[in-house]
There are 2 protein chains.
Amino acid sequence: MKSAMQPASPDNFSPATQALLDRAEGLCTRQGARLTQQRREILGLILDAPTPVGAYDLLEQIKSPERKPAPPTVYRALDFLLEHGLIHRIEKLSAFVACTHLLHNDHAHDCAHDHHHDDMCLHTAQFLICRSCKNVTEISTPAILDAVRATCRAEGFVIQSASVEIEGLCAACAQKRPAPAHAH
Amino acid sequence: MKSAMQPASPDNFSPATQALLDRAEGLCTRQGARLTQQRREILGLILDAPTPVGAYDLLEQIKSPERKPAPPTVYRALDFLLEHGLIHRIEKLSAFVACTHLLHNDHAHDCAHDHHHDDMCLHTAQFLICRSCKNVTEISTPAILDAVRATCRAEGFVIQSASVEIEGLCAACAQKRPAPAHAH
DNA sequence: TACACTATGTTATATTATCACATCTAGTGT
DNA sequence: ACACTAGATGTGATAATATAACATAGTGTA
């Protein structure tokens, strides 16, 4: 009677989440890395969260009567997930979200290298952050990335990573609470 | 004999910096705000720093035998300067830089509203962050901003602020220490 | 088994930022 | 000059985020 409402702690993830975790594991294996239980759990919690999660939120969530992990446990897992492109850090929020490449089942099975290889190696990502509902949407607009690349080429700047964080109101929230047309 | 080498603490700023501070004061006045001594000092230190400065660096710098300010002193000044568009926060570095609009003397005297009004109200900024020499360059590429705006329009997202932070190697450092052409 | 390598546990601490409340100061109106 | 008010600053405590350093345990391989 309660199995459906269990907290998602020690691997009580939904089948959908498990499927994503399995995909992530595949990605890691191909990179010669291991998605351990610990990392899998952290990634699962991030996947299931409706909005970006802070490191200390995760820390609380993985605590149990038997296990009282310390911050490094979480940060190490986060570092791993970041390095392997499974999650992103939203700088403005000091919080973490799953990479959409992982989430989008569209071209499911061998999506492993479906996204542009460039984009991966550049650790590039773009986010729309809603200040009202706290939802964060990862977008992949070639136009923005192209503009960034063009600028860097012009400056002779060698890009290693680029992040675009746009704060404001998402379409849904903008309707409910439209931005005041401020006079000046 | 030592006046030229004094630490830049209690308003020992160069004439050039003083000029910028005066400009900043003008900007504030027009906005009905006051650039107090304290705020002026913090802004001066940021202007004079070669690279972005952390809040606690500033805190150390404004300490003197007579004055031992606490963190809120610095953060309050920083908040003020941010709100009035005189500085930016580099999220990836948790550090602060002067806004280039303030620095560029090109069209000097009444530059107060020279930059696009839009850009100011949007709190928009773009940075090239060199991981080698730590220099940060603020760029103002219309192409990037346009691409961002176009994307948001398409999504129905209302932009309140947007930041683009690009990490890598500046032209100078890229030559000295070229990025390894990594095999895969 | 022995070894090397990776991952995890554990304690302490560093770094960045804010809260809450007291005090002071500058401008305003009388 | 006076009192009033709003903004600015001082002060002490604490919150929130992140890392260092070193010990231990697991995993794959010769």
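Below, chain A is the first sequence line, B the second, and so on; all start at residue 1. When reading the values below, keep in mind they use all heavy atoms of this one structure, side chains included, and skip hydrogens, waters and symmetry mates.
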Flag, side chain of B:Thr141 to backbone of B:Ile144, donor-acceptor distance under 3.5 Å | no
Examine distances only and state if a side-chain atom of A:Glu167 and a backbone atom of B:Ser161 form a donor-acceptor pair shorter than 3.5 Å.
-> no
In whole angstroms, how far is the [atom2] atom of [N] from the [atom1] atom of [X]?
X	N	atom1	atom2	value
B:Ile90	C:dT15	CD1	C1'	18 Å
B:Gln37	C:dT25	CD	P	14 Å
B:Leu82	C:dT16	CG	P	16 Å
B:Leu35	C:dA26	CG	C1'	15 Å
A:Glu83	C:dT6	CD	P	12 Å
A:Leu93	C:dT16	CG	C1'	16 Å
B:Lys92	C:dT16	NZ	P	17 Å
A:Asp79	C:dT6	CG	P	16 Å

NZ/NE/NH1/NH2 to OD/OE distance under 4.0 Å, [X] and [Y]:
X	Y	result
B:Lys92	B:Glu165	no
B:Asp146	B:Arg153	no
A:Arg39	A:Asp79	no
A:Glu91	A:Arg89	yes

For DNA chain D, whose closest nucleotide is more 5', that of B:Ala77 or that of B:Pro71?
-> B:Ala77
Could you check B:Arg34 against B:Lys68 and say which one's nearest nucleotide on DNA chain D is further toward the 5' end?
-> B:Arg34
Tell me whether B:Tyr56 is stacked on the nucleobase of C:dT16, counting only the six-membered base ring and applying the 5.5 Å and 30° thresholds.
-> yes
Between A:Thr73 and B:Arg89, which is nearer to the 5' end of DNA chain C once each is assigned its nearest nucleotide?
-> A:Thr73
Specify the residue among B:Asp57 and A:Thr36 whose closest nucleotide of DNA chain C lies further upstream toward the 5′ end.
-> A:Thr36
Base, sugar-phosphate alone, or nothing: which one does A:Arg76 contact when heavy atoms must sit under 4.0 Å apart?
-> base
Identify the 5'-most and 3'-most nucleotides of DNA chain D with at least one atom closer than 4.0 Å to a non-hydrogen atom of chain A.
-> D:dT17 to D:dT27
In the single-linkage hydrophobic clustering (I, L, V, M, F, W, Y; side-chain heavy atoms under 4.5 Å), do A:Leu35 and A:Leu102 co-cluster?
-> yes
Nearest-neighbour nucleotide for the A:Pro72 side chain, C:dA17, C:dT10, C:dG9 considered = C:dT10
